[in-house]
There are 2 protein chains.
Amino acid sequence: MNGNSPDFPARLRAAGLRPTRQRVALARLLFESGHRHVTAEGLHVEVKATRMPVSLATVYNALNQFRDAGLLREVVVAPGRSYFDTNIGHHHHFFIEPDGELHDFPSDKVTIAGLPTPPKGTRLSRVDVIVRVRR
Amino acid sequence: MNGNSPDFPARLRAAGLRPTRQRVALARLLFESGHRHVTAEGLHVEVKATRMPVSLATVYNALNQFRDAGLLREVVVAPGRSYFDTNIGHHHHFFIEPDGELHDFPSDKVTIAGLPTPPKGTRLSRVDVIVRVRR
DNA sequence: GCAGTATTTAGAATTGTTCTAAACTTCTTG
DNA sequence: CAAGAAGTTTAGAACAATTCTAAATACTGC
Ligand SMILES: [Mn+2]
Ligand SMILES: [Mn+2]
Ligand SMILES: [Zn+2]
Ligand SMILES: [Zn+2]
């Protein structure tokens, strides 16, 4: 109904990943409600609160595999910690500096004009806009 | 002549920092030629090649102090490593993904229109544009 | 079910960075 | 310029985030 089929085993298989109990549990937390920005530690705390605890190494493995499979994207906004973003469509971010909170905003109303051409021998891969704000 | 007075002791004093031998050596490497993007490790290797080796802890201390004093800005583009940028004016970056190289481009020809207003209770602090490119 | 392969896990290891506390420098003041 | 006070440097330990290792366990296709 919302385009997000809740059949997580099938979605994982489609991404070339075996639907293990751990990956299904993590996928549920990540994808069953709206878009999210999580850190590995944060997701680990969440999944531990579940009937199916998962090791921190597995959380890191799964996040990296989901990212490599295109199910997540990685966002780097602060030194020392990676965020993983369940929103893989085009969009940009507000970053609230003191708390480390990330908020999406759609990129379709944002126009970026006048970007120079990429340096010789390189191809554009992605344009990230991070709007840093303070309280 | 170029606005970059080479009197590093004076520049450091003006920033509220004692012009120690180590800080002067680092300031020379950072500011005596054009704009640079350095990592702590990279700058440490450079300064060690000098007659005046400096401990890695001091390189970190100095980079953080220079940043806090407004002499440098910190750029976060890749997980696990901070870059320090001697260009403190308005500008944006190309990030060459496989090698981790950063290149400036001026922001005055770049127009960003249609940015949403910051979330309630926050004030805009800075807008970073990172153009990620691949070889 | 079994074999074969992928995955999970605890714990060790690695990496980037910060902390600690003792030694050393720089600055101030007389 | 001699102290003394305050700030800085340093080696090494500590820390935080992440990855690695290798042994145990779980999936998969037959
Ligand atoms: Mn990674
Ligand atoms: Mn820092
Ligand atoms: Zn997002
Ligand atoms: Zn720059």
Side-chain angles (χ1 to χ4, degrees), chain A residues 7-29 37-48 50-69 71-72 74-84 100 102, chain B residues 7-29 37-48 50-69 71-72 74-84 100 102:
Chain A
D7 184 353
F8 294 112
R11 293 228 282 158
L12 290 169
R13 252 185 239 103
L17 297 165
R18 285 193 185 177
T20 63
R21 278 180 280 147
Q22 292 84 341
R23 295 210 271 228
V24 171
L26 293 170
R28 236 193 275 290
L29 290 172
H37 302 98
V38 304
T39 61
E41 273 292 349
L43 186 61
H44 186 225
V45 167
E46 271 186 67
V47 79
K48 273 193 298 191
T50 276
R51 276 293 160 67
M52 146 109 268
V54 174
S55 78
L56 182 57
T58 295
V59 173
Y60 274 105
N61 288 342
L63 287 173
N64 287 330
Q65 292 152 351
F66 290 6
R67 189 240 296 110
D68 293 347
L71 266 36
L72 289 178
E74 192 170 359
V75 183
V76 182
V77 281
R81 206 178 211 96
S82 269
Y83 289 78
F84 290 87
L102 266 183
Chain B
D7 184 353
F8 294 111
R11 293 227 285 157
L12 290 170
R13 251 186 238 101
L17 298 165
R18 286 194 183 173
T20 64
R21 279 181 280 146
Q22 292 85 340
R23 296 210 270 229
V24 171
L26 294 170
R28 236 192 275 289
L29 289 172
H37 302 98
V38 304
T39 62
E41 273 292 349
L43 186 60
H44 186 224
V45 167
E46 272 186 64
V47 79
K48 272 193 299 190
T50 275
R51 276 294 160 66
M52 145 110 267
V54 174
S55 77
L56 182 57
T58 294
V59 173
Y60 274 104
N61 288 342
L63 287 173
N64 287 330
Q65 292 152 352
F66 290 7
R67 188 237 299 107
D68 293 347
L71 266 37
L72 289 178
E74 193 169 358
V75 183
V76 182
V77 282
R81 205 177 212 98
S82 269
Y83 289 78
F84 290 86
L102 267 183

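Below, read A as the first sequence line, B as the second, and so on, with proteins coming before strands; counting in each chain starts at 1.
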Where protein sits on nucleotides 21-30 of chain C, one letter per nucleotide: B base, S sugar-phosphate only, - none, heavy atoms under 4.0 Å: ----SBS---
With the side chain defined as heavy atoms from C-beta on, B/N61 is closest, among D/dT9, C/dG16, C/dT8, to D/dT9
Measure from CD on A/E74 to C1' on D/dT19 and round the result to the nearest Å. 13 Å
For A/S82, give me all partners under side-chain hydrogen bond (donor to acceptor under 3.5 Å, both in side chains), at least two apart in sequence or on another chain. A/E74
Interatomic distance, A/R81 CZ vs D/dT19 P [rounded to whole Å]: 13 Å
Report the residues that fulfil salt bridge (charged side-chain N to carboxylate O under 4.0 Å, His left out) with A/E41, sequence neighbours left out, ordered by chain and then residue number. none
Which residues satisfy the side chain to side chain contact (heavy atoms under 4.5 Å, CB included) test with B/A57, sequence neighbours excluded? B/S55
Taking C-beta and beyond as the side chain, do A/F66 and A/R23 meet within less than 4.5 Å on heavy atoms? yes
Distance check, rounded to the nearest 0.5 Å: B/T58 atom OG1 versus B/L43 atom CG? 11.5 Å
Distance below 4.0 Å between B/N64 side-chain N/O and C/dT18 OP1 or OP2: yes
Side chain to side chain contact (heavy atoms under 4.5 Å, CB included) test vs A/F84 passes for just one of A/N64, A/V75, A/L71, A/V59, namely A/N64
Only counting residues at least two apart or in another chain, list the ones meeting side chain to side chain contact (heavy atoms under 4.5 Å, CB included) with A/V45. none
Can you check whether B/A78's main-chain N or O pairs, donor with acceptor, with B/Y83's side chain at less than 3.5 Å? no
The helix from C/dG1-D/dC30 to C/dG30-D/dC1: angle between terminal helix axes, five bp per end, to the nearest 10 degrees, reads 40°
Grab the CG-P distance between A/L56 and D/dC20 for me, whole Å please. 14 Å
Tell me what A/T39 touches on the nucleic acid: a base, only sugar-phosphate, or nothing, going by heavy atoms under 4.0 Å. nothing
Of the listed nucleotides C/dT9, C/dT17, D/dG7, the one nearest the side chain of B/R23: D/dG7
N or O in side chain of A/Y60 less than 4.0 angstrom from D/dT18 OP1/OP2: yes
Rounded to the Å, how far apart are A/M52 CE and D/dA26 C1'? 11 Å
Would you mind reading off the distance between B/Q65 atom CD and C/dT18 atom P, rounded to a whole angstrom? 11 Å
Nearest whole Å is fine: how far is C/dT7 P from A/L17 CG? 7 Å
Whole-Å gap separating P (D/dT18) and CG (A/L63): 9 Å
In Å and rounded to the nearest 0.5 Å, what is the CD to CG distance from A/E46 to A/L29? 5.0 Å
Distance in angstrom units between A/R67 CZ and D/dT19 C1', rounded: 12 Å
